[in-house]
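These notes are about the structure you will find just below.
Per chain, numbering begins at 1; letters A, B, ... match sequence-line order.
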Protein chains: 2
Amino acid sequence: MARTPVQVTEDAPKSRGDLRREAFLKAALEVFLEQGYEAASMAEIVTRAGGSLTTLYNQFGDKQGLFLAMISERAQLLTASMFVELSAHTPVEIGLTRIAEQSVTKLLEPASLELYRLILGLGAKFPDVALAFQKNGPDRVSAALAAYLTDRAEAGEIEIEDPVEAAYLFISLARAGLVTRALLNPEFRPGQDDIKASVRTCVNLFLNGVRVRPAT
Amino acid sequence: MARTPVQVTEDAPKSRGDLRREAFLKAALEVFLEQGYEAASMAEIVTRAGGSLTTLYNQFGDKQGLFLAMISERAQLLTASMFVELSAHTPVEIGLTRIAEQSVTKLLEPASLELYRLILGLGAKFPDVALAFQKNGPDRVSAALAAYLTDRAEAGEIEIEDPVEAAYLFISLARAGLVTRALLNPEFRPGQDDIKASVRTCVNLFLNGVRVRPAT
DNA sequence: GAAAGCTTGTAATCTACATTACACTTGGAT
DNA sequence: ATCCAAGTGTAATGTAGATTACAAGCTTTC
């Protein structure tokens, strides 16, 4: 077996061009996040990355090309970092807590929030980007969670009609508390403790609901 | 320098200026939603609204002034239309279902989605807008729901620790299924039936959770 | 070690607006 | 009827930024 089937982090070759490309993408990330697509300027990106405008155009064609390349690279990194392997035998409380803490923590990082904002804001322009992001990101996390929920349902621990729907709802619930607030309010910066507390509430709600039930 | 900061539905006088103002705001809404803040052009707005560039500038000062006026008017309309009066005596299933259907239906209208997208996308620029939107919109709906939940908890129907948090989570849960998907995917256009089904699932989850419990 | 092919820096081009200036018209209160 | 504030159309003005052109300077490969 030569190398891992997946991506990233090949470190050996790094030709000059590759280095340039990385620097461009990094600077592009910064500038696009700070200013938004329209307001970002190619010259500014070159200034931060070093290198020359000409090279930038040679590598990415035009502003849109650079933007798409940057977004797809980042979306990949972001969603990859949200994965958690869930053994079918992990008790459901633990499994849900782990997946929720992991993805909420990651999403609350400023860089993630801003990327998310940027993607949401794209709207009519670049409809593909948002779609691709959803397919690679949220949908894949949901799918993994759905499989896990199915296992736990078979183990008799929980009872759900549609695991995919349930998975999606759980993820949304977990994100809702903090991430949605943070999206609208840049001041709002919850710490690890807030995250744990919020996740606990969500897991509990997801499992038990709020209805009063007869004493056991 | 914009004009009077105030608002609302007085219908009698409608001077020439008021008509112009309305036309400008309507056209501004269209253009900003279609193109985003940066890409929208003042000239385009005048073309659609009729009237003259000069008048537009006289009424709103500059592009930012027009934008803020438009956003605040729209945010107000949107959130106002999301209100539902909940009597303290309505059974919790009914109350939750009504509030969820109402707000999800409203939010799924294309105009609402795009406004929401625009606001989310603002980010660093105009941090106030997003904040004001949250205060006037989501927060007020949550507050109303929280009061209702408190009533129902006192009636012994449900059991919650923090009504405000619970209200917020319920709203998020209700929106999560359809609205979040629709935000990322413009193709996704659920109908009234989908909404009802989704809300039913959410209400049920919120009340009962998914955990299997001992037979009564 | 020299040609071929990227890179670089800088300086055009070309557009697309925001914003103003101006000269003129018009609605409606006096 | 008259007058004034507000509205109109058109044409500056000025800036900003995408995209290209050009004339050199490195790197790499044969």
Rounded off to whole Å, could you give me the [atom1]-to-[atom2] distance for the [X] and [N] pair?
| X | N | atom1 | atom2 | result |
| --- | --- | --- | --- | --- |
| B:E38 | C:dA18 | CD | C1' | 12 Å |
| B:L66 | C:dA18 | CG | C1' | 12 Å |
| A:I45 | D:dT19 | CD1 | P | 11 Å |
| B:Y57 | D:dG7 | OH | C1' | 17 Å |
| A:Q35 | D:dG17 | CD | P | 9 Å |
| A:F24 | C:dT8 | CZ | P | 6 Å |
| B:L56 | C:dC17 | CG | P | 15 Å |
| B:M42 | C:dT20 | CE | C1' | 13 Å |

Exercise. Using the six-membered ring wherever Trp is involved, compare the ring planes of B:F60 and B:F24 and label them parallel, tilted or perpendicular (cut-offs 30° and 60°).
Key: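 B:F60 vs B:F24 ring planes: perpendicular.
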
Quiz item: How are the rings of B:F32 and B:Y37 set relative to one another: parallel (under 30°), tilted (30 to 60°) or perpendicular (over 60°)?
Solution: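 Geometry flag for B:Y37 against B:F32: parallel rings.
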
Give a yes/no answer on whether the side chain of [X] brings an N or O atom under 4.0 Å of OP1 or OP2 in [N].
| X | N | value |
| --- | --- | --- |
| A:R20 | C:dC6 | no |
| A:T55 | C:dT8 | yes |
| B:Q64 | C:dA18 | no |

Quiz item: Looking at B:R48 and B:E44, does any basic side-chain N land under 4.0 Å from a carboxylate oxygen?
Solution: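 B:E44 and B:R48: salt-bridged.
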
Practice problem: Consider the side chain of B:Q59, meaning its heavy atoms from C-beta on, and name the nucleotide among D:dT19, C:dA18, D:dG7 that approaches it most closely. | Solution: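 So the side chain of B:Q59 is nearest to D:dG7.
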
Quiz item: Looking at the side chain of B:S52, which of D:dT8, D:dG7, C:dT19 is the nearest nucleotide?
Solution: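 It is D:dT8.
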
Practice problem: Quick one: label A:A40 by what it contacts on the DNA or RNA (base, sugar-phosphate, nothing), any heavy atom closer than 4.0 Å. | Solution: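 Contact class for A:A40: sugar-phosphate only.
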
Quiz item: Heavy atoms under 4.0 Å, any strand shown: does A:T54 hit a base, just sugar-phosphate, or nothing?
Solution: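 Base contact.
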
Exercise. Determine whether the side chains of B:T55 and B:S52 contain a donor N or O and an acceptor N or O closer than 3.5 Å.
Key: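 Yes, side-chain donor-acceptor contact under 3.5 Å.
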
Exercise. Check the pair A:L145, A:V84 against side-chain contact (heavy atoms from CB on, under 4.5 Å), reporting the backbone distance first and the verdict last.
Key: CA-CA 9 Å; A:L145 179 55; A:V84 180; over 6 Å; no

Quiz item: Of A:L53 and A:N58, whose nearest nucleotide on DNA chain C comes first from the 5' end?
Solution: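 Nearer the 5' end of the strand: A:N58.
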
